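For ligands, and for the atoms within them, numbers begin at 1 and follow the listed sequence. This one's a predicted model, so the numbers in the text were calculated from it and none came from an experiment.
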Amino acid sequence: MNIIDIIEKKKISRELTKQEIEFFINGYTDGSIADYQAAALIMAICINGMTQNEILNLTLAMANSGETLDLSEISDNIVDKHSTGGVGDKITLILSPIIAALGVPVAKMSGRGLGITGGTADKLQSIPGYNTEISIDDFKRNVKDIGISLISQTLNLAPADKKIYALRDSIGCTNSIPLIASSIMSKKIAAGASNIVLDVTCGSGAFMKDRKEAEKLAKMMNLIGEWAHRTTISIITNMDEPLGHAVGNSLEVVESINFLKGDMPEDVKEVVFTMGSYMLKLAGKGNDLKQNREKIQAVIDSGEAFEKFRELVIRQGGDVSFIDNPEKFEKAPIIVPVVSRREGYVQSLNAEVVGKAGVELGVGRKKKEDSIDPRLGFIFVKKTGDYVDDNEVLAYVHAPDAERAEEAVNRILEAYDISSLKQIKKNNILEVLY
Ligand code: URA
């Protein structure tokens, strides 16, 4: 078998066999297939798509490209969650300690930023000392001892995904249903959870820009879950504007800490409570979604969810004084307001424009080897439906220098659409698919 024949075959849209897909995945993982060859095949997949059989075979080959975890010794009811990515998406940081505080173990491997979407691993690393790169034994031990561990994709779990994920980001192949579905589900299968709740984002700041595409992706991932004997629920959520007020790594950690202490932006709350209530249901902690929401509220009110987050940070080597005193997080050198040039109602705050402005500012990476500055980002004061006066502050830019601050201010002004029409806030939960 040879990789050039496989590339040629996909180039003319023919279905690849299980053996051809495994040959590619194994060869790319062990380095015998070069980056440029993998890039050619990935681009052909991105353009021509894949059949259901190909997607399943790709997912399983990626899941089996490294070790697979068996978490049944810890619990039969481990629930994992994953988002297809968004701007200001800090749901994992908030939801994981809540679920763990409710007695459901959370063992989660998270990605770095991809394209305009942020990554939980980058956010966690903005906590001084927090180690996302622990061994498999420590990962399991943390889940056993304190009910939670959040790590990056450094373990030898689905290593093929790690390479393909970075490659896709650098060749403009992020928004492909076969590639997203196989990327997410291979990690979930390798990480061993028996139940999976997926946040399938939809809108300008998501890979899936419209509802039909989001549904297609959700159905595909549910089907893979079924094939792999994992109970999977997909929740389609709105990503037309950034989630919450903060976009940027340490800024989002601070917003998550505040959430766990009870300061909950409505849009973030809706996603956290909906996903959380389904996670509890899948974990056998209650079928009544309304009661599950009350349980979530109770562990926030009692401080148990916040305490679980502290425990996690301490266990993974982070300096907990930053969690106790978030003002200790270092500030960006320059913080400037974005001032409205007109009065009216915010019609929309385009998440894609914000995400791109973030990448330009240094919040996300342009190339996979780029370093990121955790201090940078945006705080949005006004969001869709809010009234704003002429000259009122819409947002703040946290920038590395005056020049980039000015560029970012102009980009953020472009992201806002303001007019005299009253605008209602959109529902964040669009659909739940089993
Ligand atoms: N998250 C992933 O893990 N993979 C993708 O392809 C997109 C979002």
Side-chain angles (χ1 to χ4, degrees), residues 25 28 38-39 41-43 45-46 49-50 54-55 58-63 65-66 80-93 95-96 107-124 132 150-155 157-193 196-203 205-209 213-214 216-218 220-222 224-225 228 230 232 234-237 239 243 271 275 351-352 355 359 364-365 368:
I25 291 300
Y28 190 44
L41 183 57
I42 291 292
M43 181 59 82
I45 292 172
C46 197
M50 280 185 137
E54 284 178 302
I55 299 174
L58 179 62
T59 308
L60 294 182
M62 282 162 72
S65 64
D80 203 346
K81 65 88 49 182
H82 205 89
S83 162
T84 57
V87 180
D89 182 352
K90 69 266 309 165
I91 301 298
T92 295
L93 292 179
L95 191 48
S96 307
K108 178 155 168 53
M109 186 166 67
S110 294
R112 302 194 176 282
L114 180 67
I116 59 166
T117 66
T120 303
D122 292 328
K123 292 168 201 180
L124 286 167
T132 59
L150 301 182
I151 57 164
S152 60
Q153 207 176 347
T154 46
L155 303 181
L157 297 175
D161 172 60
K162 192 176 174 199
K163 285 187 87 172
I164 294 174
Y165 192 87
L167 185 68
R168 281 166 54 207
D169 198 17
S170 60
I171 61 170
C173 283
T174 49
N175 61 341
S176 141
I177 290 180
L179 298 176
I180 296 175
S182 57
S183 163
I184 291 178
M185 293 307 284
S186 64
K187 283 193 284 272
K188 301 296 99 176
I189 292 168
I196 303 163
V197 177
L198 299 169
D199 180 355
V200 181
T201 53
C202 169
F207 294 125
M208 298 296 109
K209 305 289 180 207
E213 289 294 291
K216 242 198 240 169
L217 175 60
M220 192 63 236
M221 291 195 288
N222 285 0
I224 297 172
R230 317 287 161 125
T232 309
S234 291
I235 302 177
I236 300 184
T237 63
M239 187 43 76
L243 258 190
V271 179
M275 290 200 69
E352 183 172 20
V359 172
R365 296 179 185 80
K368 64 182 181 187

Step through the shown structure and confirm whether more than 12 heavy atoms of other residues, nucleotides or ligands are within 6.0 Å of NZ on Lys209.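 Enclosed.
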Look at Asp122 together with Arg365 and state whether they make a salt bridge at an N to O cut-off of under 4.0 Å.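 Counted as a salt bridge, because a side-chain N and a carboxylate O are separated by less than 4.0 Å.
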Can you sort out which atoms of ligand 1 are near Arg168, meaning under 4.0 Å from one of its heavy atoms?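 Within the 4.0 Å cut-off of Arg168, ligand 1 contributes 5 (C), 6 (O).
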What atoms in ligand 1 come closer than 4.0 Å to a heavy atom of Lys187?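 Numbered from 1, ligand 1 contributes 2 (C), 3 (O), 4 (N).
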Distance from atom 4 (N) of ligand 1 to nearest protein heavy atom, with residue and atom: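 It is Ser183 OG, 2.7 Å.
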Can you report which non-hydrogen protein atom sits closest to atom 1 (N) of ligand 1, along with the distance?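 Atom 1 (N) of ligand 1 sits closest to the protein heavy atom His82 NE2, 3.5 Å.
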Examine distances only and state if a side-chain atom of Ser176 and a backbone atom of Cys46 form a donor-acceptor pair shorter than 3.5 Å.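 No: the side chain of Ser176 does not pair with the backbone of Cys46.
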Would you say Asp161 and Ser186 are linked by a side-chain donor-acceptor pair, where the criterion is simply a distance under 3.5 Å?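 No, Asp161 and Ser186 have no side-chain donor paired with an acceptor closer than 3.5 Å.
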Have a look at ligand 1 and work out which part of Thr84, if any, has a heavy atom under 4.0 Å from it: side chain, backbone, both or neither.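 The part of Thr84 near ligand 1 is the backbone, not the side chain.
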Thr59 side chain reached by Ile189 side chain, heavy atoms, under 4.5 Å: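 In short, these two side chains touch, coming nearer than 4.5 Å.
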